[in-house]
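Hydrogens, waters and symmetry mates play no part in the numbers below; they use all other heavy atoms, side chains included. Each chain gets a letter, A, B and so on, in the order its sequence line appears, and its residues count up from 1.
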Amino acid sequence: MAVFFQQIINGLSLGSIYALIALGYTMVYGIIQLINFAHGDIMMAGAYIAFFVVVYLKLNIWWAFIISMIGSALLGVIIERVAYKPLRNATRLAPLITAIGMSLFLENGGLMVLGTDIRSYPGGLITNAQLPLTLFGIRLTATTLQLLILAITIVMMIILQYIVHYTRAGKAMRAVSYDADAARLMGINVDNTISLTFALGSAFAAVAGILLGLYYNNIQPLMGIMPGLKAFVAAVIGGIGLIPGAMVGGFALGIFETMVSGYWSSNLRDPIVFLLLILILLVKPAGLLGKNNTEKV
Amino acid sequence: MALLVTRDLTISFGGLAAVANVNLSLETGELVGLIGPNGAGKTTIFNLLTGVYRPSRGEIFFDEQSLVGLKPYQITRKGIARTFQNIRLFNDLSVLDNVRIAYHLHASYGVTSAILRLPSFHHGEAEILAESEKLLQIFKLAPYRNEKARNLPYGEQRRLEIARALAAKPKLLLLDEPAAGMNPQETRELMELINWVRQEFGLTILLIEHDMSLVMGICERIYVLDYGRVIAEGPPEAIRNNERVIEAYLGREVNDNAPQGGES
Amino acid sequence: MIEVRFNKKNLIVLAGVILIYFLVYGLQAVGVISAFQEINLMMLGINIILAVSLNLIVGFTGQLALGHAGFMAVGAYVAAILTTNLNQPFPVALLAGAFSAAVAGIIIGLPTLRLRGDYLAIATLGFGEIIRGAANNINYIGGAAGMIGIPQLTNWTWLYVMMVLTILVITNFINSTHGRACVAIRENEIAAETMGINTTYYKVLAFAMGAFFAGIAGALYAHYFYLIQPNTFTFFRSFDILVMVVFGGLGSITGSIIAAAGITFVNAALQDLAVLRMVIYAVLLIIIMVFRPQGLMGNKEFTLDRWLKKRGAVSGPTGN
Ligand SMILES: Nc1ncnc2c1ncn2[C@@H]1O[C@H](COP(=O)(O)OP(=O)(O)OP(=O)(O)O)[C@@H](O)[C@H]1O
Ligand SMILES: [Mg+2]
């Protein structure tokens, strides 16, 4: 039983990070129906920006978060303008392929500029202590870092909910994702709204990237690939395009994964995650929280 | 039993019945009109008949066989072909290929003969080509033979859709506003063509059309749909003078800016 | 009008195909082809098989599949097991590899083809990863270390015959009512279905055929490089093949061939600059998609007629 609860605690940290990345995937998908394959790599860029901020500018971790979020948001917007916007009226295949191209570009560009070495954030950025925890009389451990990850994730989600539901920009985002043409007729600037969505999603990815770097204590140019894919899987499992779906999917996947590695074998973790994805798609093609709509003909 | 019969045909989207308790009956060789205001559920009935949507309730019989639960391609094989209100051609393919694809059903050779280029392949292809060319002639599309479908003028695109539907050699043809966007001259020619095709190919036709005078002119019998229900049925004269029909059309005219269905 | 089967055009092509075979064979016999060149020659053939077969799925049938490396892996492992562990002759291994890959194609195809484009992409990508994950965990086939000591049975003749066969089968398929059914699905799935095309059947068929030839490519690969590892078949390889298909033009077989050749050549030239090479690809991929989304050839084919006509030599009627 102790193992079980310990895995849940570990799963929640990993799940938080997945959820943060998944939010970006899902927002972009919701608004332009595109799998932004480069999203995981934007997360990597975010992790590196923070690294440079703390190592070379010698600023503290909170500044690193802020600067990295701004930098990643810009990167996300540029990517959208360069690689996706020109293809808005092309076949759906076209932007998907440029997304793959963008992803390969960031990964290999990263390898070229940053080198293949694995780096880690300097120690002492945050206090990372073991916290003894007793639950139903079972002794468990959590680290302050794990709590921090969970806390930051929850705060970010509340902020996102606020933006999406209570601000003009958020309403514009929802309008565009519901029907871009109608939104345009209502006087909403669709292009700017899409850019804003990319900016927001990328800023979230930056946070996820930093947390991931802290959690595993290493960053490298290819760090975005697997978590990015997994987060996309999480978004699909929850129901792509749905913000609550990304959260549920992220946490569910994080816990599922740690359970598989904890009870079974970490070698089997990745294939089993993809198997789960395929199974869920077969049973509920629109994801756990999604509704199946009849396509209008 | 009639060629096509529906009983209590019903479908709801999110609790709203788009088509409710519709009973249709078409005899072999008839040309029947299906009219009604915007959003009445006409296209939805076509989607139900062709298996694109599955009814929430009710039955569809074609040639005495039930169609409910069959996939669209299976229904086409039984002898129902259609056109679409919002044209759905194979845009990047040539006009000829659009028609050739529809002959697929009647292709007489398998995958193996195709790969090995057996004689049956060559015969089958020659046959498909000849029949396709014939249809293009009938629909005056021969000059556009090698043109991409997307580059055709609007009226020609509509004609190509009908030609393509006929290539499937249906018994029942469903036409969804085939004259939409055409000028009166083109419309008249098209209607003559439809009538001629019906006799030539021995077809039964169900026609959705907005232009009242047109429907009245060519259909033998008309169903009027409003809010998903059949509110009147009968020969054109009877429909013209039917109180409820007049009300449905006139009463709507005043505030017709309301929802018109999202199609374009 | 019934086509003339052995017309001049076909004969010229046939002559060209035979000529190329003997030319390379001769050069190899005389010893002009270096070991490095031979490796690239093999990669060229394998890449052409992979690109043409993926084009059937993505370019002609319009199904974005990102798991081609997975099918290749199935072919490679099954064939390698047969020759290395079970002492079966190469042709048997080749066929078994191809059929196993086709079965894998059907297994992944049947359930997932109901999924819309993007979902299919991610499901097939996941499928490729499942295969790789499985290979990683099966000790019988070496786990993560892979299989070593596979006999080197792939030679120019096998490669060339398989390549020509792939192109021929897929071209013949495409230019038939069955191929047109696939293209109709790409163009407008709902219209295709209401025209009486069993879309599921043709999608699965396209997957099975594409996977079949990917399996052959995998088997050829395993028996040339005599070493295979799960990491040979990551989704980057699937992307690589996709890049060839997109460069050449979705729906153009000659385009795929030209692109596969070009990319293999660039690969060889930039051998020592693996990372830079990928950056260049990535940039090219984006530029091509943005400025020429139809690829090098669009969905047109490079035909002898057109070529001859351009040069003003022949002005006969074209078949299609
Ligand atoms: N897939 C669907 N999901 C939700 N609602 C639908 C769907 N298909 C049709 N409807 C609704 O059903 C109603 C009937 O639509 P339908 O297209 O059948 O009307 P119509 O009579 O063909 O109108 P028009 O003359 O404008 O073509 C409309 O309110 C439409 O919005
Ligand atoms: Mg309609």
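Proximity to chain C (any heavy atom under 4.5 Å) is shown, for B:Ile75, by neither the backbone nor the side chain. Of the atoms belonging to B:Arg77, it is side-chain heavy atoms, and not backbone ones, that fall under 4.5 Å from chain C. Heavy atoms of B:Phe84 lying under 4.5 Å from chain C belong exclusively to its side chain. When heavy atoms are compared at a cutoff of 4.5 Å, C:Leu205 approaches chain B solely by way of its side chain, counted from C-beta outward.
Applying the ring-ring contact (aromatic ring centres under 6.0 Å, His included) test to B:Tyr109 and every residue at least two apart in sequence or in another chain returns B:Phe121, C:His178.
One finds the OG atom of C:Ser176 at 10.5 Å from the CZ atom of B:Arg100 (value rounded to the nearest 0.5 Å). For the atom pair CD1 of B:Ile115 and CD1 of C:Ile174, the computed distance is 10.0 Å after rounding to the nearest 0.5 Å.
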Requested in this report: Evaluate the criterion side chain to side chain contact (heavy atoms under 4.5 Å, CB included) for residue pair C:Asn198 and B:His104; output intermediate values, then yes/no.
Outcome: CA-CA 10 Å; C:Asn198 183 348; B:His104 174 75; over 6 Å; no
**Report entry** Working for side chain to side chain contact (heavy atoms under 4.5 Å, CB included), residues B:Leu89 and C:Asn188
**Finding:** CA-CA 7 Å; B:Leu89 290 168; C:Asn188 194 322; over 6 Å; no
Requested in this report: Begin from the C-alpha positions of B:Arg88 and C:Glu193 and carry the test salt bridge (charged side-chain N to carboxylate O under 4.0 Å, His left out) through to its verdict.
Outcome: CA-CA 12 Å; B:Arg88 282 175 180 270; C:Glu193 179 108 4; over 6 Å; no
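Looking at heavy atoms from C-beta onward, C:Thr194 lies in side-chain contact with B:Val52 at the 4.5 angstrom threshold. Inter-residue side-chain proximity for C:Thr177 and B:Ile128 is flagged as met; some heavy-atom pair is nearer than 4.5 Å.
For the pair C:Glu187 (side chain) and B:Asp92 (backbone), a donor-acceptor distance under 3.5 Å is present. Using modelled atom types, one side-chain atom of B:Arg117 and one backbone atom of C:Asn172 make a donor-acceptor pair closer than 3.5 Å.
Of all residues in residues 156-167 of chain B, those placing a non-hydrogen atom less than 4.5 angstrom from a non-hydrogen atom of chain C are B:Arg164, B:Ala165.
For the pair C:Met195 and B:Arg82, the tightest heavy-atom approach, listed with the atom from each and the gap, is CE-O, 4.1 Å.
Of the candidates B:Ile101, B:Leu105, B:Thr76, C:Ile197 forms a side-chain contact (heavy atoms from CB on, under 4.5 Å) with just one, namely B:Ile101.
When the shell of 6.0 Å around CZ of C:Phe99 is examined, it contains 12 or fewer heavy atoms from other residues, nucleotides or ligands. By the neighbour-count criterion of 12 heavy atoms within 6.0 Å, atom CZ of C:Arg292 is densely surrounded, having more than that number from other residues, nucleotides or ligands.
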